[in-house]
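Side-chain atoms are counted along with the backbone in the values below, which use heavy atoms only and exclude waters and symmetry mates. When a residue number appears, it is its place in the shown sequence, counting from 1. Quick caveat, the model's predicted, so the values are computed rather than measured.
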Amino acid sequence: NIRPESKCTLFDIIIDGKEIFKDIELILPGRHNILNATAAIYIAYQHGISEEIIKKQIKKFSGAKRRFDILYKEDFTIIDDYAHHPTEISATIQAAKTLESKRLIVVYQPHRYSRTNFLFDAYYNIFSEISKGFILPIYGAGEENVYKITELDLARQTSDKNNIEVIENENIMGFTPEKGDLIIFMGAGNITYLAEKFANKYRNINRN
C-alpha cells in the first residue's frame with residue numbers, strides 16, 4: 001500500500017501475516033528507500049521498540065549525504081545524488097518519477113574509464129525515460145583511458161531517443177531550467193561541486 005505524496009511516501013508493513021504498522025511516513029522517495037526502511041523497522045520491532053518511536057524516527061530520517069540531496073527548491077528543484085553505476089541510476093530515476101515534475105532532467109558524470117567500459121552494456125537505454133539528459137566528460141579518478149571509451153559512446157548507449165547531449169562541465173551553467181523541472185546531478189566524481197555551483201546561481205538570483 002505505497003502512496004507517494006508531494007512531500008513524502010506513505011506505506012504499511014505487515015509482519016507474519018498480521019498488519020503491524022500503518023501510514024509509515026518516509027520523506028525519501030523511491031522503492032529502494034522503502035525497502036531499506038522496512039529492514040530497519042523490522043529490526044527495531046524485533047528488539048521491542050515501540051511503534052510510536054519507530055514511526056517518529058523514520059519520519060525524521062533525511063538520508064545519507066549525496067543521496068537525493070535537495071540543493072534548491074523554488075520554481076524548480078535541483079538535486080545532488082551519488083548514483084554512478086546503472087543499478088543506482090535506475091533506482092534514482094524511478095524515485096524521481098514518483099515526484100511531481102514537468103520535466104525530469106539528468107546531468108550525469110560517468111565515473112572511471114574502467115567502470116564505464118565494464119558496465120557499458122548495463123547502460124543500455126537507461127536514460128530513455130527522462131525528458132533531457134546531459135552527459136559530462138568521464139571522470140577518470142587518476143585512470144588512463146586505455147579502453148578508448150568516450151562520453152559520446154555512452155550517450156549513444158543510454159537512450160534510443162534524441163534526448164541526450166554531451167557537454168563540458170562548465171557549459172551546464174548555461175542551461176536554464178523551466179518552472180516545474182526536476183534536475184538531478186548524478187555521479188561519484190567532482191560533479192557535486194558543479195551541482196552546488198549551479199544551485200548557488202539560482203539562490204543568488206532569488207536573493208537579488
For this session: Check side chain to side chain contact (heavy atoms under 4.5 Å, CB included) between I53 and all other residues, then give those that pass, not counting sequence neighbours.
Result: I49, S50, Q57
Problem set entry | Donor-acceptor contact below 3.5 Å, side chain Q109 vs main chain G187 | no
Exercise. Any side-chain heavy atom of D23 sitting closer than 4.5 Å to one from R3?
Worked result: yes
Exercise. Is it true that D12 and K22 make a salt bridge, defined as a side-chain N closer than 4.0 Å to a carboxylate O?
Worked result: yes
Exercise. Within a strict 4.5 Å, meaning less than it, do heavy atoms of the T92 and Y82 side chains meet?
Worked result: no
Exercise. Taking the six-membered ring for Trp, are F198 and F185 parallel (under 30°), tilted (30 to 60°) or perpendicular (over 60°)?
Worked result: tilted
For this session: Pick out which of D160, N163, I93 makes a side chain to side chain contact (heavy atoms under 4.5 Å, CB included) with S128.
Result: D160
Exercise. Which one of F120, Y113, F118 satisfies the ring pair (Phe, Tyr, Trp, His ring centres under 6.0 Å) criterion with Y147?
Worked result: F118
For this session: Find out whether L71 and E196 are in side-chain contact, i.e. whether some heavy atom of one side chain is under 4.5 Å from a heavy atom of the other.
Result: yes
Exercise. With a 4.5 Å heavy-atom cut-off, do F68 and I184 have their side chains touching?
Worked result: yes
For this session: Find out whether K148 and D153 are in side-chain contact, i.e. whether some heavy atom of one side chain is under 4.5 Å from a heavy atom of the other.
Result: no
For this session: Report yes if some heavy atom in the side chain of R112 is under 4.5 Å from a heavy atom in the side chain of H85; otherwise report no.
Result: no
Exercise. Under the salt bridge (charged side-chain N to carboxylate O under 4.0 Å, His left out) test, which residues partner R31, sequence neighbours left out?
Worked result: none
Exercise. Would a distance-only check, ignoring hydrogens and angles, find a side-chain to backbone donor-acceptor pair under 3.5 Å from T158 to A155?
Worked result: yes
Problem set entry | Chi angles and distances behind the salt bridge (Lys or Arg N to Asp or Glu O under 4.0 Å) call for R203, E74 | CA-CA 9 Å; R203 293 186 192 119; E74 293 293 337; over 6 Å; no
For this session: Please state whether the rings of Y202 and Y72 are parallel, tilted or perpendicular, taking 30° and 60° as the class boundaries.
Result: tilted
For this session: For residues K18 and I20, determine if any side-chain heavy atom of one lies less than 4.5 Å from a side-chain heavy atom of the other.
Result: yes
Exercise. Cation-pi between K197 and Y193: NZ/CZ under 6.0 Å from ring centre and within 45° of the ring axis?
Worked result: no
Exercise. Can you check whether T38 reaches F11 side chain to side chain, under 4.5 Å on heavy atoms?
Worked result: yes
Exercise. Would you say K56 has more than 12 foreign heavy atoms packed within less than 6.0 Å of its NZ?
Worked result: no
